[in-house]
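Below: the structure, in structure tokens.
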Amino acid sequence: MSFRRSMATISFNPRPNLQATNNHSHQHGVVVEEIEGFIRVHKNGYIERPSIIPSVPCTTATARDVVIDKFSNLWARIYVPSHPGANNLPVLVYFHGGGFCVGSAAWSCYHEFLSNLACKASCVIVSVNYRLAPENRLPAAYDDGVNAVMWVKQQALSQSCEQKWWFSRCNLSSLFISGDSAGANIAYNVTTRLSNEHSVLKPLRLKGTVLIQPFFGGEARTWSEKHATQPPHSALNLSNSDVYWRLSLPLGANRDHPWCNPLANGVAKLRDLRLPAIMVCVSELDILKDRNLELCNALTSLGKKVETVTYKGVGHAFQVLHNSQLSHPRTQELVSHIKVFINQ
């Protein structure tokens, strides 16, 4: 199923989706933070998230929703390749983007992208629906990420009959953690938490991490943040980035908090991390390009195994928004690169 036509419309014209919420929002008074089309935070604490991107149910036998923790409402959508007979597959735990504040594992753009990725890269994908800020500021999303990975471990230990439909096709020694944008930030922080705790993951084995346009920041601006030429209706600009960080970081923290800027306290702080192989996917026209490359260079200088791939002519979240003529071929390249990385 393709959502490319509807996603192109969404990415080019968000305003009409707000009309239905405008009258209702007046009841809640002053708006203190807003990213048009995505989130509106009122002074009284009321939060609106317009339905700019539709959520879709699972419509095939190759994708199902599962509850991980009913108390925190943590759930995941699991994808298995549609081709029968494929077993011993890598497992990819995936976190969607949205500045920590918006997004869902049920969003049509992620459903399409991850269905395609599972099929083309021959992997099982556990797409995690984590808690959002500002109701649940960081580290809530990181906690949910770790809990999701530990849930996968628990299914391995219990050999759950209920989850056998996907679990029986997995290779436990081939676990990968991935995400895009804020989801890539979550993937990085979940990886750093778990990488020094190999025994905690057994029988799983964390082999690598795939970071797609990871969302990081800092108080000092980079060249690409100040000067990058953005595609029309880009998914991320500097002012929106600042709003996301204000809403998601702990109260009182600035953008040099290590969750936002892992290089703020110097490269040496990263030296003791026992990281698996990392692939970082960078978009040429993304305001995050320089931060992505700085992190790659810092980790490489410390002897970490880092593979960097840059996608020419596209901006942030091209693989889910389809807002460029190059989005489709670059997404095919991205899927191919991930396939090679997780199967090597």
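If you take CG on Leu295 and CG on Leu211, they are separated by 7.5 Å, rounding to the nearest 0.5 Å. Annotation: the span from Trp223 atom CH2 to Lys289 atom NZ amounts to 7.5 Å, rounded to 0.5 Å. Put simply, CZ on Phe113 and OG on Ser108 are 14.0 Å apart, with the number rounded to the nearest 0.5 Å. The CG atom of Leu238 sits 11.0 Å away from atom NE2 of His227, with the distance rounded to the nearest 0.5 Å. Rounding to the nearest 0.5 angstrom, the gap separating the CG atom in Asn171 from the SG atom in Cys123 is 12.0 Å. Separating the CG atom in Leu175 from the CG atom in Leu204 is a distance of 5.5 Å, to the nearest 0.5 Å.
Taking a 6.0 Å sphere around CD of Gln154, one finds it holds more than 12 heavy atoms contributed by other residues, nucleotides or ligands. Counting non-hydrogen atoms of other residues, nucleotides and ligands closer than 6.0 Å to CD of Gln159 gives a total above 12.
The two residues Phe215 and Leu288 make their nearest non-hydrogen contact at CA-CD1, 3.7 Å. Considering every non-hydrogen atom in both Cys281 and Val210, the closest pair reads SG-CG1, 4.4 Å. Scanning both residues, Val243 and Glu34, for their nearest heavy atoms gives CG2-O, 4.4 Å. Annotation for Gly313 and Leu326: closest pair O-CD1, 3.7 Å, computed over non-hydrogen atoms.
In this structure the side chain of Ser160 reaches within 4.5 angstrom of the side chain of Gln155, judged on heavy atoms. Taking 4.5 Å as the limit, every side-chain heavy atom of Ile53 sits out of range of all side-chain heavy atoms of Tyr110. Residues Pro214 and Tyr188 fail the side-chain proximity criterion, which asks for heavy atoms closer than 4.5 Å. At least one side-chain heavy atom of Leu74 sits less than 4.5 Å from a side-chain heavy atom of Asn147. The side-chain heavy atoms of Lys226 and Thr222, taken from C-beta on, include no pair separated by under 4.5 Å.
In this structure, Glu33 pairs ionically with Arg246, as a charged nitrogen and a carboxylate oxygen lie closer than 4.0 Å. One finds a salt bridge joining Asp143 and Arg193 here, because a Lys/Arg side-chain nitrogen approaches an Asp/Glu carboxylate oxygen to under 4.0 Å. Using a 4.0 Å cut-off between a side-chain N of Lys or Arg and a carboxylate O of Asp or Glu, Arg221 and Asp290 do not qualify as a salt bridge. Between Glu333 and Lys339 there is no salt bridge, since no side-chain nitrogen of the basic residue lies less than 4.0 Å from a carboxylate oxygen of the acidic one.
If you run side chain to side chain donor-acceptor pair (under 3.5 Å) between Gln319 and each of Arg330, His328, Gln213, only Gln213 comes through.
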Between Glu112 and His322, does a side-chain hydrogen bond (donor to acceptor under 3.5 Å, both in side chains) hold up when you go through it step by step?
CA-CA 11 Å; Glu112 176 193 8; His322 310 297; 3.2 Å; yes
Thr310/Glu284 under side-chain hydrogen bond (donor to acceptor under 3.5 Å, both in side chains): CA gap, chis, key distance, verdict:
CA-CA 6 Å; Thr310 300; Glu284 183 185 31; over 6 Å; no
Going through the checks in order, is the ring pair (Phe, Tyr, Trp, His ring centres under 6.0 Å) test met by His111 and Tyr79?
CA-CA 9 Å; His111 186 75; Tyr79 301 85; 5.5 Å; yes
Evaluate the side-chain hydrogen bond (donor to acceptor under 3.5 Å, both in side chains) criterion for residues Asn297 and Thr300: first the C-alpha distance (whole Å), next the side-chain angles of each, then the deciding distance (0.1 Å), finally the verdict.
CA-CA 5 Å; Asn297 293 336; Thr300 300; 5.5 Å; no
Would you check, one step at a time, whether the test side-chain hydrogen bond (donor to acceptor under 3.5 Å, both in side chains) holds for Asn265 with Lys269?
CA-CA 7 Å; Asn265 296 321; Lys269 294 286 185 180; over 6 Å; no
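In this structure a side-chain-to-backbone donor-acceptor pair under 3.5 Å is missing from Lys304 to Cys296. His42 contributes a side-chain N or O that, together with a main-chain N or O of Gly29, makes up a donor-acceptor pair within less than 3.5 Å.
In this structure, Arg64 is positioned above the aromatic face of Trp165, its NZ or CZ under 6.0 Å from the six-membered ring centre and within 45° of the axis.
Leu275 and Val190 fall into different hydrophobic clusters, defined by Ile, Leu, Val, Met, Phe, Trp and Tyr side-chain heavy atoms under 4.5 Å apart, directly or through other members.
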List, one per line, each side-chain donor-acceptor pair under 3.5 Å for residues 81-96, sequence neighbours excluded.
from  : atom 1 : to     : atom 2 : distance (Å)
Asn87 : ND2    : Gly85  : O      : 3.4
Tyr94 : OH     : Asp180 : OD1    : 2.7
His96 : ND1    : Tyr130 : OH     : 3.4

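Side-chain N/O atoms of Ser234 and Asn237 include no donor and acceptor closer than 3.5 Å.
Checked against a 6.0 Å centroid threshold, the rings of His337 and Tyr311 count as neighbours.
Contacts classified as ring pair (Phe, Tyr, Trp, His ring centres under 6.0 Å) and involving residues 258-294 (residues at least two apart or in different chains) are given here: Tyr142-Trp259, His257-Trp259.
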